[in-house]
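Single-structure report; data block below.
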Amino acid sequence: MLPPPAVRGVYRTDARARAAYAEGAGIYRILPQAICRPADIDDVKTLISWATEQRIPLVPRGAGSAMGGGNVGDGVVVDLTGLAERRLEVDAPRRRAVTSAQVTLAELSTAAAPHGLRLPPDPSSGRWATLGGMASTNAAGARSVRYGSVRRWVEAITLMTAEGESVRLARGEAGRVPSGRVGSGEAIERFHRDVAPRIQAASKLIADRFPKTRKNSSGYALDAYLASGDVLDLIIGAEGTLGIVTEIEWRLDDVPAHRAGLRVQLSSLNHLGDVVGALNQCEPSALELLDRSFLDLLGTDTRSGAGLGTNAEAIVLVELERNDPEELHRTLRRATDNLAGWATTIETAYSPPEAEQLWAIRHAASPILAGLPENRRSLQVIEDGCVPVERLGEYITAVRRSAAEHDLPVVMFGHAGDGHLHVNLLPELAREGWEKAVASLFQEVTAAVIRLGGTPTGEHGDGRLRAGTLLGVYGPQILELFRRIKAAFDPLGIFNPGIILPSGEPPIGRLKVGSSAVPIPADLQRALRDIELTGGYGRSRLELAGEEPASSDEDTFPLAPDS
């Protein structure tokens, strides 16, 4: 057995602790070798030094709500939520905030609200998502259609590197850190010496190969780096593969004073691109699509709100925000006029309560999906595809066709204003060969995304699920640049291996459901399932595991029945 790291926080190798961290959101169950909950930044530094000496992978983790599998792995899962250095400072006159990585978006929102400020990106996991996790996946959400993803709002990041150096990367500083100020930045200097010139030389190839989509969180953001010159833009969205994010400085924005909404029913998807384009001209803060499959799931459920027609092929939900109420009314009328000839029904809301009623249908999906019987699980497998807006209708058609061919029910919804679609598969777990059908559908839909000029990863990060798709998206030359970036920051490959850069492991494997799922204690399986069903990602996994047993290497426990 390896000697444990000399940390003041928690380090456990017992079976219950490992099982408690074997799952996050998404499809995987992977038992780690150990878990560590560092007490402070010094512990993080000690852990990195130990992992380097022992050649043990580290898997940084916040709330565990990311869906792509970047928060589980075979090495040591590093739970950053217990760090003693907890910073949450709002500088209202400058519209800035500084937070430690374990602070949640909900906590920042609460602190900024009295000043009339907010961080605009609003992932649906915002109640529990940590800000370090959001920066590490370049998270977005419904309001990205107007405000973009997290990258636009990050001013600086403090990164613990493979050398155990704490390096602050700020906009406008090109990533160069003067020796002695925060850290000497060996990783940064290696990058500038060995990789930056190659990226510059490949600028035309990067411009040609990067998807022309409104959102993209796949790979390392070479396009953003070329535009800004800031190494910071490579760390955002890197999913903990280049170092451990410990602090972020954010740019905040004013909360608009007035809000209105639309709920639009469409009888056909033939002109979906035109509808979205017309609505985007009105600068909505959110523009969501609910496909027929979503509406069929809701059925007559009363949580979906009043006035839902049964024959719609899709519903589009629109949120408009303005400071001037007259401007808001004019924009609402313009949006309604722009839809003439395409919409079968248009409902409007001029106040926040009315808008909430229109949007009730969108919020009804999660509890309904959560309430499905255990033999019909909702799996997030092709849940992050983003295509050029004008090709969204083609993408939906491709998903429907592939799902029908494999007899796999799907539920589709997403951020239409960005051409970004979430797809939940609903396989019947008792059906023989369902895993093979899921794997085939994943391959076919990924191919369709690439053919349509899109990205498989709009906002959730590649994780291990989509790492194998990057070659098809970017080609071998850009993938080689990704490898060189990884080598510059993480020469020994200890930070989240298999994430972003593929390991060769099949993406549809080591699932949390099915006959091949690794068994874990029955009570922990029920607790992890409850977290999934209720969105309880703020719950401590160590509390689930309970006290460490006297024999920390004990691996026997009552097995849960196969899911």
Side-chain angles (χ1 to χ4, degrees), residues 23-28 64-72 123-126 129 133-134 137-142 144 149 211 213-218 237 239 288-291 293-294 297 362 365-366 368-370 372 376-387 392 395-396 398-400 402-403 406 408-416 418-427 434-435 437-450 452 454-470 473 499-500 507-509 511-513 532-533 535 537:
E23 296 182 12
I27 64 175
Y28 297 107
S65 57
M67 294 184 182
N71 46 27
V72 292
S124 59
S125 59
M134 286 176 56
T137 56
N138 189 31
S144 61
S149 64
T213 49
R214 291 174 59 103
K215 294 162 70 174
N216 181 27
S217 289
S218 180
E239 297 188 74
E288 298 284 284
L289 174 75
L290 312 179
D291 175 71
S293 59
F294 185 103
L297 174 73
R362 173 67 174 86
S366 293
I368 293 174
L369 286 169
L372 291 174
R376 175 77 72 179
R377 289 288 288 272
S378 175
L379 297 181
Q380 300 86 8
V381 175
I382 52 169
E383 46 77 38
D384 207 26
C386 183
V387 298
L392 183 58
Y395 179 49
I396 293 174
V399 174
R400 287 178 172 180
S402 186
H406 293 286
L408 283 171
V410 299
V411 176
M412 291 189 278
F413 54 97
H415 314 309
D418 290 319
H420 184 204
L421 193 67
H422 297 313
V423 181
N424 285 29
L425 307 186
L426 306 177
W434 69 265
E435 294 100 329
V438 167
S440 296
L441 186 144
F442 176 76
Q443 293 175 346
E444 292 168 10
V445 173
T446 298
V449 169
I450 296 171
L452 294 170
T455 171
T457 306
E459 65 182 8
H460 290 162
D462 293 313
R464 63 185 64 253
L465 175 61
R466 288 175 283 270
T469 69
L470 270 65
V473 175
I499 308 305
I500 296 182
I508 310 303
L511 304 180
K512 64 173 64 170
V513 297
E532 185 177 0
L533 293 176
Y537 290 96

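Fair warning: this is a prediction, and the values are worked out from it, not measured in the lab.
When all heavy atoms are compared, the tightest approach of L465 to V381 is CD2-O, 3.4 Å. The shortest heavy-atom contact between R214 and D418 is NE-OD1, 2.8 Å. Here the closest non-hydrogen pair linking S293 and M412 is OG-N, 2.9 Å. Residues D462 and S218 share a closest heavy-atom pair of OD1-OG, 3.0 Å. What you find for G385 and Y395 is that their closest heavy atoms are CA-OH, 3.9 Å. A pairwise comparison of heavy atoms in S402 and L441 identifies OG-CG, 3.7 Å as the closest pair.
Using a 4.5 Å cut-off on side-chain heavy atoms (C-beta onward), L289 and F294 make no contact. Contact of the V513 side chain with the W434 side chain is registered, since non-hydrogen atoms from C-beta on lie closer than 4.5 Å. N216 is not listed as a side-chain neighbour of C386, based on a closest heavy-atom distance of 4.5 Å or more. Contact annotation: the side chain of P427 approaches that of L379 to within less than 4.5 Å [non-hydrogen atoms, C-beta and beyond]. By the 4.5 Å heavy-atom criterion applied to side chains, H415 and E288 are counted as neighbours.
Atom OG1 of T137 is separated from atom CD of E459 by 8.5 Å, given to the nearest 0.5 angstrom. With values rounded to the nearest 0.5 angstrom, T457 atom OG1 is found 11.0 Å from N138 atom CG. Here the NZ-OG distance, from K215 to S149, works out to 8.0 Å after rounding to the nearest 0.5 Å. Going from atom CZ of R377 over to atom CG of L511 covers 10.5 Å, rounded to the nearest 0.5 Å.
Under the 3.5 Å distance criterion, the side-chain polar atoms of T446 are left unmatched by any main-chain donor or acceptor of Q443. Using a distance-only test at 3.5 Å, with no hydrogens or angles considered, a donor-acceptor pair links the side chain of R466 to the main chain of G461. Under a 3.5 Å cut-off, the side chain of Y28 and the backbone N or O of G68 do not form any donor-acceptor pair. Using modelled atom types, no side-chain atom of E435 and backbone atom of I508 make a donor-acceptor pair closer than 3.5 Å. Although no hydrogens or angles enter the test, the distance criterion places no donor-acceptor pair under 3.5 Å between the side chain of N424 and the main chain of S378. Here the side chain of H422 pairs no donor or acceptor atom with the backbone of G414 at under 3.5 angstrom. Using modelled atom types, one side-chain atom of K512 and one backbone atom of G26 make a donor-acceptor pair closer than 3.5 Å.
Applying the ring pair (Phe, Tyr, Trp, His ring centres under 6.0 Å) test to F442 and every residue at least two apart in sequence or in another chain returns nothing. Checked against side-chain hydrogen bond (donor to acceptor under 3.5 Å, both in side chains), D384 has the following partners two or more places apart in sequence or in another chain: H420.
No hydrogens or angles considered: a donor-acceptor pair under 3.5 Å links the side chains of E444 and H406.
With respect to L421, the side chain to side chain contact (heavy atoms under 4.5 Å, CB included) criterion is satisfied by exactly one of V449, I382, I396, V387: I396.
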